[in-house]
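Read through the structure below, which is laid out as structure tokens, and then see the notes.
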Amino acid sequence: MKKKAFLAAFRDTLPVMTGYLFLGIGFGILMYEKGYGALWSFAMAAFMYAGSAQYLTVSLLTGGASLISTALSVLFINARHLFYGITMLESYRDAGSKKPYLIFALTDETYSLVTQNTPPEGMSKLSYCFLVSVLDHIYWVVGCTLGGLLGKALPISFEGIEFVLTALFVTIFTEQWLSTKEHRPALIGVGATVLCLLVFGKDIFLIPSMALIALILTISRKTGRRKTA
Amino acid sequence: MNVTHSILIIAVGCIVTAITRFLPFLIFRKGAKTPAIIEYLGKVLPFAIMGMLVVYCLKDVTLLSAPYGIPELLGCAAVALLHIWKRNTLLSIGGGTVLYMILVQLVF
């Protein structure tokens with residue numbers, strides 16, 4: 001691999017590096033505050049490798065959730081991956097031995113890099129995707145593990161650090177809002193979830209929310225088409 | 001902390017996460033055309049899901065007793081305004097989180 005091409009790909013991942021270190025450290029510290037040390041954070045970063053699901057898992061761990069509710073909550077928070085996979089079907093079709101890892105490592109951020117960027121000169125698309133996937137994974141593992149170690153060393157109070165997750169989603173929500181004029185899906189997402197929160201209560205509202213969102217989106221698509229027809 | 005139960009919870013989380021990532025590749029193996037409704041949902045769901053996740057994060061906020069969700073409201077507003085202003089992901093996340101931590105630790 002040419003050094004120049006490697007550096008170009010590395011430069012593409014810099015925003016993700018900063019974000020993953022920041023959010024990873026936040027995760028490691030949060031885990032530490034709940035009594036789970038660096039080794040736990042390392043293992044979760046290496047083998048689960050999913051930001052929002054890992055944060056969710058912290059509350060499942062401390063709340064002593066059942067395995068079924070764990071499976072369902074993680075499934076519903078990560079259901080969005082299904083759609084990332086659908087867009088990458090073609091690109092990863094002939095990835096050979098790299099394919100399982102490429103699919104495993106397809107996070108929100110890696111997905112956005114490999115779909116938006118073109119590989120640098122002298123590097124194939126697949127090599128680029130693989131390199132970005134590995135680098136991002138390393139940043140996340142280092143961040144999470146570092147947070148678990150720092151949690152012990154830093155005398156500052158970290159009450160409120162869990163807000164990084166809320167801030168992440170508000171940031172993406174705002175970015176999406178600015179990037180499109182079609183605000184219906186975003187409003188349906190907020191509206192249906194608030195409604196289900198009020199109706200079903202905060203323990204089980206996520207699953208009915210997903211169902212309601214999918215239903216309203218499907219219906220509104222059909223009526224939208226009928227209007228234009 | 002129950003170590004065995006914790007390990008099981010994490011293992012289930014790992015397996016389910018992997019399933020969500022591998023499933024599309026297992027279902028649509030060979031040249032099969034992706035159904036139009038899946039393509040459509042794939043396009044619009046990310047927007048709806050992000051709204052859902054914001055609400056999910058705020059589900060424990062108490063509006064009817066102190067501090068009335070004020071730190072969360074100010075934190076979210078700071079994130080959104082920072083992002084509209086500079087459109088720098090890290091600045092938005094970092095700024096809003098620091099403000100929130102200051103609010104819950106020193107003000108409320």
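All of these numbers come straight from a predicted model, not from anything done at the bench. Chain naming here is simple, since letters A, B, ... match the order of the sequence lines and numbering starts at 1 in each.
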For [X], which atoms come within 4.5 Å of any heavy atom of chain B: side chain, backbone, both, or neither?
| X | answer |
| --- | --- |
| Thr107(A) | both |
| Lys99(A) | side chain |
| Ile213(A) | side chain |
| Trp177(A) | neither |
| Leu187(A) | neither |
| Phe205(A) | side chain |
| Leu197(A) | side chain |
| Thr180(A) | side chain |

Could you walk me through whether Tyr111(A) and His81(A) pass the ring-ring contact (aromatic ring centres under 6.0 Å, His included) test, one step at a time? CA-CA 10 Å; Tyr111(A) 171 77; His81(A) 291 148; 9.6 Å; no
Once you round to the nearest 0.5 Å, how far does NE2 of His83(B) lie from CD of Glu175(A)?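 One finds 4.0 Å between NE2 of His83(B) and CD of Glu175(A).
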Separation between CG (Asp60(B)) and NZ (Lys202(A)), nearest 0.5 Å, reads 4.0 Å
Note, [X] side chain near [Y] side chain (heavy atom, < 4.5 Å):
| X | Y | answer |
| --- | --- | --- |
| Tyr92(A) | Cys129(A) | yes |
| Cys76(B) | Leu58(B) | yes |
| Ser41(A) | Tyr36(A) | no |

Non-hydrogen atoms of [X] and [Y] that approach each other most closely:
| X | Y | value |
| --- | --- | --- |
| Val79(B) | Ala167(A) | CG1-O, 3.6 Å |
| Phe27(A) | Val58(A) | CE1-CG2, 3.5 Å |
| Val74(A) | Thr17(B) | CG1-OG1, 3.4 Å |
| Tyr49(A) | Ser133(A) | OH-O, 4.2 Å |

Heavy-atom pairs under 4.5 Å with chain B are the metric here; pick the option from [options] that has the most.
| options | answer |
| --- | --- |
| Thr174(A), Ile103(A), Ile216(A) | Ile103(A) |
| Ser59(A), Ala186(A), Ser73(A), Gly191(A) | Ala186(A) |
| Pro100(A), Ser66(A), Ala105(A) | Pro100(A) |
| Thr57(A), Leu72(A), Ile172(A), Ile188(A) | Ile172(A) |

Begin with the C-alpha distance, continue with both residues' side-chain angles, and end with the deciding distance and a verdict on side-chain hydrogen bond (donor to acceptor under 3.5 Å, both in side chains) for Trp140(A) and Glu109(A). CA-CA 11 Å; Trp140(A) 182 244; Glu109(A) 292 75 14; over 6 Å; no
At a heavy-atom separation under 4.5 Å, does Ala18(B) approach chain A through its side chain, its backbone, both, or neither?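 No part of Ala18(B) comes within 4.5 Å of chain A.
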Report which part of Ile7(B) has an atom under 4.5 Å of a heavy atom belonging to chain A: side chain, backbone, both, or neither. both
For the candidates [options], which exhibits the highest count of non-hydrogen atom pairs separated by less than 4.5 Å from chain A?
| options | result |
| --- | --- |
| Met50(B), Arg21(B), His5(B) | Arg21(B) |
| Val55(B), Ile84(B), Asn2(B) | Val55(B) |
| Leu8(B), Ile10(B), Ile15(B) | Ile10(B) |

